[in-house]
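First comes the structure, then the notes that go with it.
In what follows, chains carry the letters A, B, and so on, assigned in the order in which the sequence lines appear, proteins first and then strands, with residues in each chain numbered from 1.
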Amino acid sequence: MERRMFELSILKELGDRIGYSLNVQNIVDIITGSLHQFIEYSAVSYMLLEPEKLIFKVHLEKSVSRKFINDIKDRMQKSLSALLNKDMQKMTVEEVLSGAIVVDETDAPVQSFFNIPLVIGEKVVGVLTVAHTIAGLYKEEETTILYKITRQASQAVTRLQEVITIEQRKLNAMVASMTEGVVMTDRDYRVVVVNPVARQIIGLTDRQEVTIFDFIDRLGGKFDIRGRLEESVKLDKTLLADDVIIGDRSFQIFVSPVKGTIGLNASAVLGGVVIFHDITHDKELEKLREDFTSMMVHELRSPLAAIKMMTQYLDKKKTAKDQKTQGQYNQLIQKNAVSMLNLVNDLLDVAKLESGRFEVHLEPMNIATTIKDKAAFYEPLAKNREIDLQVQLAANLPEEINGDTVRIGQVLGNLISNSLKYTHGGGTVTIQCFVHKKGRSWSEEAAHENIHWFLPAKNDPKLQAVPDTVVVAITDTGDGIAAVNIPQLFNKFVQFRSRATDEEGQKGTGLGLVIAKGIVEAHNGTIGVASEESHGSTFYFTLPM
Amino acid sequence: MKKTPANAQAEDYRSHSVLVADDNIATLEVLTDALKDAGFMVYAAKDGREALELALKKHPDIILLDIQMPKMDGISMLTELRKDRWGRYAMVILLTHLPGSDRVARAIQLGAFDYLQKANWDLDSIVDQVKKRIALKVEAEKRKTKYKLKPIPASKKEMVQRRKIS
């Protein structure tokens, strides 16, 4: 009974001490360190299987000869070979001796010997051995408790390993799905975790193994990954590199030490983690905003400065003979004031659109009249630039639709002036309007109304689904828009530099199309563009009937 | 009060010319008028390309250059101008809305003499600035004539070359 109690207390103590350690060697060290309390031996030893070698650790309670140790080693290797069904005799053995010294004069041979396999997760990982120079030891009682102890330890480890495997799988899945590139290394800079994004950053997506040297190679002189990891672990601090350019992208790179949180390894540094945060998009946005601001500054300040100087100049000229200058300046002042007013109005519209407070006042309106009026307004400008401005209206247009005459006029004005801007002298701008019935082809509907339809037929399928509407299209014979730029066209901040804006000094804020889209959508309509570079563009919008 | 050479020159600017380049027609107009009133000969350009052509043809004493312009912006114009034998040393004053911007820094690198911030602009102060620059230039030119280098006589040219070789 006393023996039983002792057994239990040993098991409990072992259980506590093993705790959450996953290191088999640590655990076996703990076991061998406790064994002397209830078993007698000259030497206790274990042999663990490592990938490339065997670890052989012997603790001597009393001095034995070298021959004695070699005998144990040989027996253990043999039993491992038998257990694993594999020849272990030729493997390198790393030997660690502790305890009493080796004295070759003590010639006592191994008289008692007992071997227990160490099994973790149904796999033999090594053997544990007690040996004595006295014969007849290690009977059933002793061997039973040894079995119990090792079984208990191996079960604990197996369970823990299962938990860890699950956790690791969860962690891996999480890391893999992160949009940041993640690389984790152990203390010797061996890559433990590397996620797909990190592989992509260094351009090694299909290689199985990625090492720290791959990162050093690919990052070149831009980021000293190993140095930073060393520094971070040493200082126990997270380091940040703000704007590192790798390939054609910019990254923020965080380097942090990784610490254990459980068991014996708690708060010990296990390695380091490097996180690559892609800031390319943020930087692009920032650049767009800066460009927009500088454009606004120019567009607002230029006319203001001009007005200020002109009024200053006029102040000094009060005689009658300056009447001519005054008249001329008045016109210029007005022109600058109007352009600023328009810009401020556009900015207000965009602000309303962005805050969702953009409103249109729907009332019966005549679309044909609105189009004709706008065309008449732009006729002089078109003539001046030697562009043929045409209007083609279908005969079946409804008398009335629900819409905001002023706002629709604004959309038309935007689109017509854009088209005029991007069309060369001698070109044509055509405004067309016809009725579309859901499910029918726009091309056919236009042809039926004797309208020469410019929009490519490939656009038809997706447009057929639009419910019954009035379709307005403005087509030019200008430079067209590159396909890559089309998705950006209705975005704020974006204005594409073109020959027209560059050569002829026609300024734009890029707000016009943003507002046009807002107005059309407030009418439950759609707006779009079809374009072919160096041939021309068609901007169209629909208004529900 | 004793008259400095600058003041002595201040009254007559008819022999001096200014090139103004700005894409805002109103600014261009009023600057032209004000500088003309002050007695300068004024050339007006509404974009960078026109400014470059006029500068190289007329060799104005001072160029007032807007940065943000169509066709060719102020920076490109300045870059081109500096490639010319005369243009290398032409006096250029920038007109800008954004004095802190990269483009102004770039222009200073290219040897722009100074810049003026447009929004703070006061018509009189611009005319004053131009006058001051002209006065400085006149003074510098006087000094140059005083110590004008004579061409090396043909007989001694060979000697100079030989020295260079050895």
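A salt bridge links Glu80(B) with Lys83(B): at least one charged nitrogen is closer than 4.0 Å to a carboxylate oxygen.
Of the N and O atoms on the side chains of Ser339(A) and Asn342(A), not one donor lies less than 3.5 Å from an acceptor on the other residue.
Asp33(B) touches chain A through backbone and side chain together, each having a heavy atom under 4.5 Å away. Residue Gln328(A) touches chain B through its side chain alone, counting heavy-atom pairs closer than 4.5 Å.
Taking Ile307(A), Leu332(A), Leu304(A) one by one and counting their heavy-atom pairs under 4.5 Å with chain B, the maximum is reached by Leu332(A).
Under the rule for a side chain to side chain contact (heavy atoms under 4.5 Å, CB included), the partners of Lys287(A) that lie at least two apart in sequence or sit in another chain are Asp291(A).
Inter-residue side-chain proximity for Ile474(A) and Asp476(A) is flagged as unmet; no heavy-atom pair is nearer than 4.5 Å.
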